[in-house]
Amino acid sequence: MALPRKSTPFDTPEERITELEKMFGMSIDPIGSMDTMVIALGCVLFAITGAFIAAAWVKHSYRPIRAKNLPLTTVLYVSGILWFIGDLPMNGHVLLKGAFSQCKFWNIWVRVLFCFIYTSVLSIRCYALDRVFNQNKPTRGLIYYLPSIVFIGGYIIYSIVTTALPGWMTIGYAETLELCSTTEVYVIVTLCLLWFNWAIIIVMMIRLRNIQSTFNEFYEFLFICFFGIAAM
């Protein structure tokens, strides 16, 4: 979406909403109680999940919990929180003023990067189980860690490059509309990278669907993938 050309501020919030509705061709509600409910619901769900994570760490010596790779689960949880926080300004749940007007930071370094990390963690977990149960190989050594380094390192490089590029090529802030504007190319490239990760996870899930029941996480992965893809 190209940056709007209007250079003067709107006299009222209603004028801004009207202009946005013309741009997007759809009805747009001003930020209000529904957005507050979305934020509150997200906070409640993450708080409940955090309580379970904390309880698991207290009992981390329990063998079934150790089998679930608690450190990786914790990274997944933190990534989910930061992905959710990055979604708030980018999906219009808060006014894009002050700190929230830093579109590149919230989109590239919070929303997109931690969505990448979220999917990468799932890929790493699938890869570890696949090496043990399908390839009969250990989860140590350079060959084991190399894919993770390439994945996360590549996404960090992508974030640095997209940040360095001018806003008209990636994402910029339209001050008069209080709007983050992304280019079609940036959106397509980013989504392709994310879907590449999801495709790897889905393939791994299929390979892991019949492994030993104690370590079989097929339905957990299915649940996480469903909500993760829906959140995109």
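Hydrogens, waters and symmetry mates are skipped; everything else that's a heavy atom, side chains included, is used. Keep in mind it's a predicted model, so treat the numbers as computed, not measured.
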Pairs of donor and acceptor atoms involving the side chains of residues 84-105, under 3.5 Å and at least two apart or interchain, shall be tabulated with distances.
from   : atom 1 : to     : atom 2 : distance (Å)
Asp87  : OD1    : Arg111 : NE     : 2.5
Asp87  : OD1    : Arg111 : NH2    : 3.3
Asn91  : OD1    : Arg111 : NH2    : 3.3
His93  : ND1    : Asp35  : OD1    : 2.9
Ser101 : OG     : Gly98  : O      : 2.6
Lys104 : NZ     : Thr163 : O      : 2.8
Lys104 : NZ     : Leu165 : O      : 2.2

Examine distances only and state if a side-chain atom of Asn134 and a backbone atom of Arg207 form a donor-acceptor pair shorter than 3.5 Å. yes

Thr183 side-chain N/O to Met169 backbone N/O, donor-acceptor pair under 3.5 Å: yes

When rounded to the nearest 0.5 Å, the distance separating SG of Cys180 from OH of Tyr173 is 7.5 Å

Here the gap from Leu208 atom CG to Arg125 atom CZ, rounded to the nearest 0.5 Å, amounts to 9.5 Å

Give a yes or no on whether the backbone of Ile108 and the side-chain of Thr162 come within a donor-acceptor separation of less than 3.5 Å. no

Disulfide (SG to SG under 2.5 Å) filter on Cys126, not counting sequence neighbours, yields none

With no hydrogens and no angle check, just 3.5 Å: does a side-chain donor-acceptor pair link Thr139 and Tyr127? no

Under 3.5 Å, sequence neighbours excluded: what are the donor-acceptor pairs made by side chains of residues 43-58?
from  : atom 1 : to    : atom 2 : distance (Å)
Thr49 : OG1    : Leu45 : O      : 2.8
Trp57 : NE1    : Thr74 : OG1    : 2.9

Working to the nearest 0.5 angstrom, can you tell me the gap between Asp130 CG and Asn136 CG? 10.0 Å

Quick one: CD1 on Ile188 to CG on Leu193, what's the gap to the nearest 0.5 Å? 12.0 Å

Go through the steps to decide whether Tyr118 and Ile224 satisfy the test side-chain contact (heavy atoms from CB on, under 4.5 Å), and finish with yes or no. CA-CA 10 Å; Tyr118 184 92; Ile224 292 171; 3.1 Å; yes

Please evaluate residues Ile200 and Phe196 with respect to the criterion side-chain contact (heavy atoms from CB on, under 4.5 Å), reporting the C-alpha separation (whole Å), side-chain torsions for both, the decisive distance (0.1 Å), and the verdict. CA-CA 6 Å; Ile200 291 175; Phe196 175 71; 3.5 Å; yes

State the CG-CZ distance between Leu194 and Phe116, to the nearest 0.5 angstrom. 4.5 Å

First locate atom CD1 of Ile124, then atom CE of Met204, and finally report the distance between them rounded to the nearest 0.5 Å. 11.0 Å

